[in-house]
Amino acid sequence: MDQGNKAKRIIATVLAIVALVLVAAVGFVGWNKVEADRAARERHSITLPLTATPFDTSTGSKLPVHVTGTNASGSVDEVQFVDDQGAGMSLTPGTYQLDFPASPIAADGSLYTLSSSGLGLTIADVDRGASVAVNLPEGTEIALAPVDDPATTSDDDVNRAKDYASREGACPDGVSADDLAGKAADKRNQALADKKAAEEKAAAEQRAAEEKAAAEAAAAARHVKAAEYEFDIPQYWVGRVNAQVNGNEVDIYSKKYPSRKVCWVEVEKTEYLVAGDIGTSQMGLPVPLDSTRSVQVWANRWAYQAASDFWRNQGYASISHDEAVELTDLQSGGSVSYDAVEASMGTNGPEDPTYMSAPDDYISANVTDTIKPL
């Protein structure tokens, strides 16, 4: 009987021990599950490796970070902010994508460019209270830098930055997102105004340079240099005459009628100077070259010769009507037409002096008066 009781006691003890072990095991499993659930939901501080100069979130807004992904609670879609040290975020273990939807705004209104459009991040189980430092692949960085040219930013850039700066936690106490955005808009508008002014200045300088070059080209086109003197032809002749220089003699020919001289310039001894006659004459006074020589300009009075021949001979003899029209226009600078000369002679006779001095006045003022000894 005692042996039976003893056996029962042994069995009871074993069963009690087994029961205690089972209770402990169930408790341990339950505790582990609670700890796992806690660990899966515990938030850990995240530090991003920012490279930013200058970037001061004590006076400006923080960098917004759009977080998407999954964790123990399901899907994640939220916005957090990091300061100039890359700190300020917290996440539970999970797999995430971090994107940067807008620029922060500096105290002076500067917006920033960002070297990275986003990065992936996986947070495994970590010790309670541990912080997580994000390590980037070698050769990559998250670099913030002020926009070089604020004129390149858009209204959308400013408005988007303002939207995120207006959210809770984005700005330090005493700093207004509206004020920061206003400074950003002012900075952009001033940059646009400066850019416009610079462009207008550059365009004006370009126009001035082009006008100067054109003036120099025009002056060069008018300038004639002989052996011992130089002079200019009138702008009215540019492109319509050719100047042939032979030492101290210069012949100015019509391009349209290459055998016809508009005028010619030569050097003569002052004591032998003559004035010419009614058909061919000196244009203006001689220009002294030295103590014994002078420069003279000569011309055929083509209008007078052609019209006089026409009325005397009832036709054109030494020069055609078309040649007379071109040469009269050149010799008078466009102030007299050959047909007017011809009509005047038809009324007043072939000796009519009405238009005789037209070439003299124009060539004297625009050629002779420009002569300078070298």
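The first residue in the sequence is number 1, and the count goes up from there. Below, each value reflects all heavy atoms present in this structure, side chains not excepted, and no hydrogens, waters or symmetry copies.
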Query raised in the report: Do you know which two heavy atoms are closest between Gln305 and Gly279, and how far apart they sit?
Result: NE2-O, 2.8 Å

Query raised in the report: Do Gln282 side-chain atoms and Gly284 backbone N/O form a donor-acceptor pair below 3.5 Å?
Result: yes

Query - Single-linkage hydrophobic cluster, 4.5 Å side-chain cutoff, Val82 and Tyr96 together - result: yes

Report summary line: Those residues at least two apart in sequence (or on a different chain) that pass side chain to side chain donor-acceptor pair (under 3.5 Å) with Asp290 are Thr292, Arg293

Requested in this report: Evaluate the side-chain proximity of Tyr112 to Leu63: yes if any heavy-atom separation is below 4.5 Å, no if none is.
Outcome: no

Report task. Identify, with sequence neighbours excluded, every residue that meets side chain to side chain donor-acceptor pair (under 3.5 Å) alongside Ser110. Result -> Asp108

Report task. Look at the side chain of Ser166 and the backbone N and O of Lys162, then say whether any donor-acceptor pair between them is shorter than 3.5 Å. Result -> yes

Query raised in the report: Are Trp237 and Val336 joined in one hydrophobic group, where the rule is that I, L, V, M, F, W and Y side chains link up if heavy atoms are under 4.5 Å apart?
Result: no

Query raised in the report: Checking Ser344 side chain against Val341 main chain: does a donor-acceptor pair fall under 3.5 Å?
Result: no

Query raised in the report: Taking C-beta and beyond as the side chain, do Ile142 and Leu114 meet within less than 4.5 Å on heavy atoms?
Result: yes

Query raised in the report: Considering residues at least two apart in sequence or located in another chain, which fulfil the salt bridge (charged side-chain N to carboxylate O under 4.0 Å, His left out) criterion with Asp84?
Result: none

Query - Closest contact, heavy atoms only, Ser103 versus Ala161 - result: O-CB, 3.3 Å

Requested in this report: Return yes if a side-chain donor-acceptor contact under 3.5 Å exists between Asp322 and Tyr257, otherwise no.
Outcome: no

Query raised in the report: Would a hydrophobic clustering, with Ile, Leu, Val, Met, Phe, Trp and Tyr connected at side-chain separations under 4.5 Å, put Val224 with Trp264?
Result: no

**Report entry** Donor-acceptor side-chain pairing of Ser154 and Asp157 below 3.5 angstrom
**Finding:** yes

Report summary line: Taken to the nearest 0.5 Å, the spacing of Arg207 CZ from Glu200 CD works out to 8.5 Å

Report summary line: Of all heavy-atom pairs linking Ala275 and Ser281, the shortest is O-OG, 3.2 Å

Query raised in the report: Does the Ser115 side chain pair with the main chain of Ala143, one donor and one acceptor, at a distance under 3.5 Å?
Result: yes

Query raised in the report: Does Arg301 make a cation-pi contact with Tyr304, if we ask for NZ or CZ under 6.0 Å from the ring centre and within 45° of the axis?
Result: no

Requested in this report: Report yes or no: do Gln97 and Asp99 form a side-chain donor-acceptor pair below 3.5 Å?
Outcome: yes

Report task. Starting from the C-alpha separation in whole Å, work towards a yes-or-no answer on side chain to side chain contact (heavy atoms under 4.5 Å, CB included) for Val262 and Gln331. Result -> CA-CA 7 Å; Val262 180; Gln331 288 187 328; 3.9 Å; yes

Query - Test item: Arg222 and Val238 side chains (from C-beta on) under 4.5 Å apart, heavy atoms - result: yes

Query raised in the report: Would you say the side chains of Asp186 and Gln190 form a donor-acceptor pair under 3.5 Å?
Result: no

Query - Residues in salt bridge (charged side-chain N to carboxylate O under 4.0 Å, His left out) contact with Asp329, at least two apart in sequence or another chain - result: Arg240

Query raised in the report: Quick one: which of Leu111, Val158, Val175 gives a side chain to side chain contact (heavy atoms under 4.5 Å, CB included) with Ile105?
Result: Leu111

Requested in this report: With sequence neighbours excluded, tell me which residues meet ring-ring contact (aromatic ring centres under 6.0 Å, His included) with Tyr253.
Outcome: none

**Report entry** Hydrophobic cluster identity match, Val367 and Tyr236, side-chain contacts under 4.5 Å
**Finding:** yes

Query - Contact check, side chains of Phe100 and Pro64, non-hydrogen atoms, under 4.5 Å - result: no

Requested in this report: Could you walk me through whether Leu121 and Leu91 pass side chain to side chain contact (heavy atoms under 4.5 Å, CB included), step by step?
Outcome: CA-CA 10 Å; Leu121 175 64; Leu91 293 170; 4.1 Å; yes

Query raised in the report: Partners of Lys261 by salt bridge (charged side-chain N to carboxylate O under 4.0 Å, His left out), sequence neighbours excluded?
Result: Asp251

Query raised in the report: Which is it for Gln80 and Ser90 under the side chain to side chain contact (heavy atoms under 4.5 Å, CB included) test, yes or no, and what are the steps along the way?
Result: CA-CA 8 Å; Gln80 298 190 39; Ser90 65; 4.3 Å; yes

Requested in this report: Indicate yes or no: does Glu78 engage Arg43 in a salt bridge with an N to O separation below 4.0 Å.
Outcome: yes

Requested in this report: Not counting sequence neighbours, list each pair that qualifies as a salt bridge (charged side-chain N to carboxylate O under 4.0 Å, His left out) and has a residue in residues 330-343.
Outcome: none

Requested in this report: Return yes if some donor-acceptor pair links the side-chain N/O of Gln296 with the main-chain N/O of Val274 below 3.5 Å, else return no.
Outcome: yes

Requested in this report: Could you tell me whether Leu273 atom CG has more than 12 heavy atoms of other residues or ligands within 6.0 Å of it?
Outcome: yes

**Report entry** Pairs flagged by side chain to side chain donor-acceptor pair (under 3.5 Å) wherever residues 362-374 is involved - sequence neighbours left out
**Finding:** none

Query - Side chain proximity check, Lys62 to Pro104, heavy atoms < 4.5 angstrom - result: no

Query raised in the report: Who passes side chain to side chain contact (heavy atoms under 4.5 Å, CB included) against Val325, sequence neighbours left out?
Result: His321, Tyr338

Query raised in the report: Is a side-chain donor or acceptor of Arg188 paired with a backbone partner of Ala151 at a separation under 3.5 angstrom?
Result: no

Query raised in the report: With a 4.5 Å heavy-atom cut-off, do Ile371 and Glu230 have their side chains touching?
Result: no

Report task. Answer yes or no: does atom CD of Glu168 have more than 12 heavy-atom neighbours from other residues, nucleotides or ligands under 6.0 Å? Result -> no

Report task. List the atom of Ser318, the atom of Arg260, and the distance in Å for their closest heavy-atom pair. Result -> O-NH2, 2.8 Å

Query raised in the report: Are there more than 12 heavy atoms of other residues, nucleotides or ligands under 6.0 Å from atom CG of Asn246?
Result: no

Query raised in the report: Are the side chain of Lys256 and the backbone of Glu326 linked by a donor-acceptor contact shorter than 3.5 Å?
Result: no

Query raised in the report: Is any side-chain heavy atom of Val241 closer than 4.5 Å to a side-chain heavy atom of Leu330?
Result: yes

**Report entry** With sequence neighbours excluded, residues passing side chain to side chain donor-acceptor pair (under 3.5 Å) with Ser259
**Finding:** none

Requested in this report: Indicate, with yes or no, if Ile278 and Leu327 share a hydrophobic cluster defined by side-chain heavy-atom contacts under 4.5 Å among Ile, Leu, Val, Met, Phe, Trp and Tyr.
Outcome: no

**Report entry** With Asp309 via salt bridge (charged side-chain N to carboxylate O under 4.0 Å, His left out) - residues at least two apart
**Finding:** none

Query raised in the report: Do any N or O atoms from the side chain of Thr57 and from the backbone of Gly60 form a donor-acceptor pair under 3.5 angstrom?
Result: no

**Report entry** With Thr280 via side chain to side chain donor-acceptor pair (under 3.5 Å) - residues at least two apart
**Finding:** Asn300

**Report entry** Non-hydrogen side-chain atoms of Val250 and Tyr229 separated by less than 4.5 Å
**Finding:** yes

